[in-house]
Amino acid sequence: MRVRIRRAQRFSGTVEVPGDKSISHRALIFSALGVTPLELSHLGPGADVRSTRVALEALGLSVQEGPEGALVVRGPGPLTPPSATLDCGNSGTTMRLLSGLLAGAGVRATLDGDASLRRRPMARVLEPLRAMGAQADGTRSGAEECAPLRFEGGALTGVAHTLRVSSAQVKSCLVLAGLGAAGITRVREPHPSRDHTERMLRAFGAPLHVEADGTVVVERLARPLSLPPRLRIPGDPSSAAFFVGGALLVPGGSVACTGVDVNATRTGFLRVLLRMGAELEVEPGEEQAGDPVGTLHVRPGRRLRGTTILPEEVPSLLDEVPLLAVVASQAEGETRLSGAGELRVKESDRLRQVCQGLLAMGVEVEETDDGFVLVGPARLKGAHLDAHGDHRIAMAFAVAGLSAEGDTVIDGAEWADISYPGFFRTLAALSGGAVVS
């Protein structure tokens, strides 16, 4: 799918973004560890979340349509071995979290995905799972192990894990495995990553606590999780970030994103934008799914200034780096990012695609091993770009096109459906029709 983006004359409105993708995955997976029905509303609509749902149904999760678009899910008790390979689609979260679930439950199964997911590194979950006693292996690709992943059971024993790279996916995988392991499982990261797993599992009665240094400690789950009767998923801050960026780039832009998750482990991008001088405000709302929720208000303000994004900040804004790079291209002075090497093993090599896209649009930017250095403000010019199978690249450069001279054409725009079906319709409405299919 190809979209054409024209320079926007305005960018304003109020928008409710889809349910958070990370929390949607976890709500579905954790429901499989309970036995009472759970009504899930505002679940993330993207293809990644559908992959998790379908895989869990193959493991015995009951899913029925509920009122007003909600889903009513119910765990099977013990998971049932699937009759076929579990297809994780394009979703690394699905594959890594299900790896922990399968290992902890001792279920025999194979996890696979599309060509992009088959290229992503999986030794980072397989090696610690094997250290706990799981019989699990991947498919060798040079020195790395990739999908398909095969699980053959194995009795697990808790291990103290120290992660080399902060990763909420790896941490959550090991926590899920720990719920099925004898003894105590500990997971420590160099910097805090998103903590939805810890918050939600504690709320559901799991034997889990977090120590003062951030180490997650979990014991074997002795009884099914105590699920609430209903749960509303808060709005996805990673989706809201694109509209925040649009309002900052288009002169006079003003937008309100309602019902957004504002968990501090997810809103590093807001702290960076405030440091750059953005006129942002978070209006607090009611807590949802154990997370704080609010409305993000963006108003016209002064010119942004460049900043330095440090490695310890990266886990809280990793998904927003493409959008932050686009916004920084219009800031005064140098913006420097380091410690983001993890972006090279996402759906695409995001660091490379961000830098190449910015170069094509006229930005002075240098790609580094684990980040970039760019100088602004640049006079953006329209370019013909490819999403390279990456939803966040497609959406970030659509936002860049709103402030570029000439049309910006993006091939592979359909990849936005991975996280946000309807993204381009919403972008068109806020920008007064600047998006042309």
Side-chain angles (χ1 to χ4, degrees), residues 22 92 116 119-121 124 144 163-171 189-194 237-238 241-242 244-245 248-249 264-278 304-378 380 383 385-400 419:
S22 292
S116 171
R119 292 193 296 269
R120 296 177 68 176
R124 58 184 60 187
E144 186 52 78
L163 305 187
R164 185 173 54 85
V165 177
S166 296
S167 169
Q169 293 180 6
V170 176
K171 174 179 65 178
E189 302 177 285
H191 305 296
S193 65
R194 59 187 65 177
S238 298
F242 296 107
V244 171
L248 293 173
L249 291 184
T265 65
R266 293 292 302 282
T267 52
F269 78 98
L270 292 178
R271 295 189 288 276
V272 168
L273 291 174
L274 285 167
R275 195 163 72 221
M276 295 172 73
L304 302 178
R305 55 186 178 271
T307 191
T308 297
I309 303 173
L310 299 172
E312 56 264 33
E313 297 180 277
V314 168
S316 68
L317 52 75
L318 191 67
D319 287 342
E320 292 76 46
V321 164
L323 182 279
L324 286 172
V326 166
V327 172
S329 76
Q330 300 306 293
E332 195 78 48
E334 181 181 276
T335 293
R336 182 181 294 268
L337 167 74
S338 60
E342 184 71 6
L343 288 172
R344 295 202 181 276
V345 291
K346 289 292 189 177
E347 287 85 338
S348 69
D349 181 339
R350 275 191 192 149
L351 285 178
R352 176 147 301 169
Q353 298 312 323
V354 164
C355 292
Q356 289 184 346
L358 290 175
L359 284 168
M361 297 187 79
V363 180
E364 181 183 340
V365 59
E366 177 186 354
E367 178 183 345
T368 65
D369 288 344
D370 64 349
F372 56 73
V373 181
L374 65 81
V375 179
L380 293 180
L385 305 171
D386 192 288
H388 292 278
D390 194 324
H391 54 133
R392 303 206 190 276
I393 294 297
M395 293 189 280
F397 283 102
V399 172
S419 59

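The model shown is predicted, which means the values in this text are computed figures rather than measured ones.
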Taking [X] for the side chain and [Y] for the main chain, is one N or O donor matched with an acceptor at less than 3.5 Å?
X: Q330; Y: L304; value: no
X: Q353; Y: R350; value: no
X: D370; Y: G339; value: yes

Contact between [X] and [Y] at the side-chain level, heavy atoms closer than 4.5 Å - yes or no?
X: F397; Y: L358; answer: yes
X: R392; Y: K346; answer: no
X: V321; Y: F372; answer: yes
X: L317; Y: L324; answer: yes
X: S329; Y: L380; answer: yes
X: T265; Y: P315; answer: no

Inspect the surroundings of CZ in R271 and state if more than 12 heavy atoms from other residues, nucleotides or ligands are less than 6.0 Å away.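 Correct, the count exceeds 12.
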Side chains of [X] and [Y] only: does a donor on one sit below 3.5 Å from an acceptor on the other?
X: H191; Y: S166; answer: no
X: S238; Y: R266; answer: yes
X: S316; Y: R194; answer: no

Charged N-O contact under 4.0 Å between [X] and [Y]:
X: R275; Y: E313; result: yes
X: E144; Y: R124; result: no
X: E334; Y: R305; result: no

